[in-house]
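The structure appears below as structure tokens.
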Amino acid sequence: MSLASVVRVILIYLLAVLVGTVLATIVQTQINVSDLQRTGIELSGSERMAMTGKDLLSFTPLMTLLTAVTYLFAFPVAELIGRILKPWRAVVYFLAGAVGIWVAFRITDTAAPPPTFIAATREIPGTLAMMAMAGLGAVLFALLTRPKARRGLRVLG
């Protein structure tokens, strides 16, 4: 693998981390805002946007760390499985990113004071939404690093 190829993969990895992180941050903010509104607090659209912007500045560093570490462990596993299940490579990466971030959340919750470190993951729908965002970042990586198609007979993809 050439130096240019390595740099390309690193840049795509960083882009995937950025996308997964930003999407997860926005989702967790909107879940938290929704929880506030269920308690009777009224929030305007501009207040929602301001809260989202604040979270993009304050929550993003933690989410970036969780996403980056998750992808470091999940992507090599996804790549190995994706070579066997070639037609489902993107799905394999999605699941690797989603399950990986779920593991990261569980580890973080174990290390942090109760009940949960990231409020949006207290309930299953919030956890699934956050997992989906990490999965989308992983799919981006899978699509941008997809091996070139080979011609001829292919088995299992």
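Count residues from 1 along the sequence.
In this structure, Val19 and Gly137 approach most closely via the heavy-atom pair CG1-CA, 4.5 Å. Closest heavy-atom contact between Ala104 and Thr70: CB-OG1, 3.5 Å. Here the shortest heavy-atom pairing between Ala74 and Ala96 reads CB-O, 3.5 Å. Smallest separation of non-hydrogen atoms from Ala90 and Ala142: CA-CB, 4.1 Å. Between Ile31 and Ala129, the shortest heavy-atom contact is CD1-CB, 4.3 Å. Here the shortest heavy-atom pairing between Gly97 and Ala138 reads CA-CB, 4.0 Å.
With rounding to the nearest 0.5 Å, the separation of CG in Leu36 from CD in Glu42 is 11.5 Å. Separating the OG1 atom in Thr121 from the CE atom in Met131 is a distance of 11.0 Å, to the nearest 0.5 Å. Taking CG from Leu65 and OG1 from Thr60, the interatomic distance works out to 12.5 Å, rounded to the nearest 0.5 Å. Going from atom NZ of Lys86 over to atom CD1 of Ile81 covers 15.0 Å, rounded to the nearest 0.5 Å. Rounded to the nearest 0.5 angstrom, Leu140 CG and Ile12 CD1 are separated by 8.0 Å. Tyr71 contributes atom OH, which lies 5.5 Å from atom OG1 of Thr67 (distance to the nearest 0.5 angstrom).
A centroid separation of less than 6.0 Å is found between the aromatic rings of Tyr93 and Phe75.
Val33 and Leu57 are members of different hydrophobic clusters when ILVMFWY side chains are connected at heavy-atom separations under 4.5 Å. When hydrophobic clusters are built by joining Ile, Leu, Val, Met, Phe, Trp and Tyr residues whose side-chain heavy atoms come closer than 4.5 Å, directly or via intermediates, Phe105 is not grouped with Phe73. Under the 4.5 Å side-chain heavy-atom criterion for ILVMFWY residues, no single connected hydrophobic cluster contains both Leu62 and Val22. Hydrophobic clustering of Ile, Leu, Val, Met, Phe, Trp and Tyr side chains at less than 4.5 Å, counting indirect connections, unites Trp102 with Leu136. Both Ile84 and Val139 are members of a single hydrophobic cluster when ILVMFWY side chains are connected at heavy-atom separations under 4.5 Å.
Looking at Leu66, Thr108, Thr127, Asn32 one by one, the single match for side-chain contact (heavy atoms from CB on, under 4.5 Å) with Ile118 turns out to be Leu66.
Proximity of Arg89 to Pro147: side-chain heavy atoms (C-beta onward) are separated by under 4.5 Å at one or more points. Between Leu14 and Ile10 there is a side-chain heavy-atom pair separated by less than 4.5 Å. When side chains are defined from C-beta on, Leu11 does not count as touching Leu15, because their heavy atoms never get closer than 4.5 Å. Leu43 is listed as a side-chain neighbour of Met51, based on a closest heavy-atom distance under 4.5 Å. In this structure, Met130 and Val27 have side chains that are in contact, with non-hydrogen atoms separated by less than 4.5 Å. Using a 4.5 Å heavy-atom threshold, the side chains of Phe141 and Val9 count as touching. Side chains of Gln30 and Asp35 form no contact here, defined as non-hydrogen atoms less than 4.5 Å apart.
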Problem set entry | Steps toward side-chain contact (heavy atoms from CB on, under 4.5 Å) verdict (Tyr13, Thr145) | CA-CA 9 Å; Tyr13 166 81; Thr145 60; over 6 Å; no
Exercise. Could you walk me through whether Lys54 and Met49 pass the side-chain contact (heavy atoms from CB on, under 4.5 Å) check?
Worked result: CA-CA 9 Å; Lys54 183 178 180 212; Met49 292 298 289; over 6 Å; no
Problem set entry | Step-by-step side-chain contact (heavy atoms from CB on, under 4.5 Å) determination, Met63 to Gln28 | CA-CA 10 Å; Met63 195 63 210; Gln28 77 87 29; over 6 Å; no
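Side-chain contact of Ser5 with Ser2: a donor-acceptor pair under 3.5 Å is present, judged by distance alone.
In Leu80, the CG atom is crowded: over 12 heavy atoms of neighbouring residues, nucleotides or ligands sit closer than 6.0 Å.
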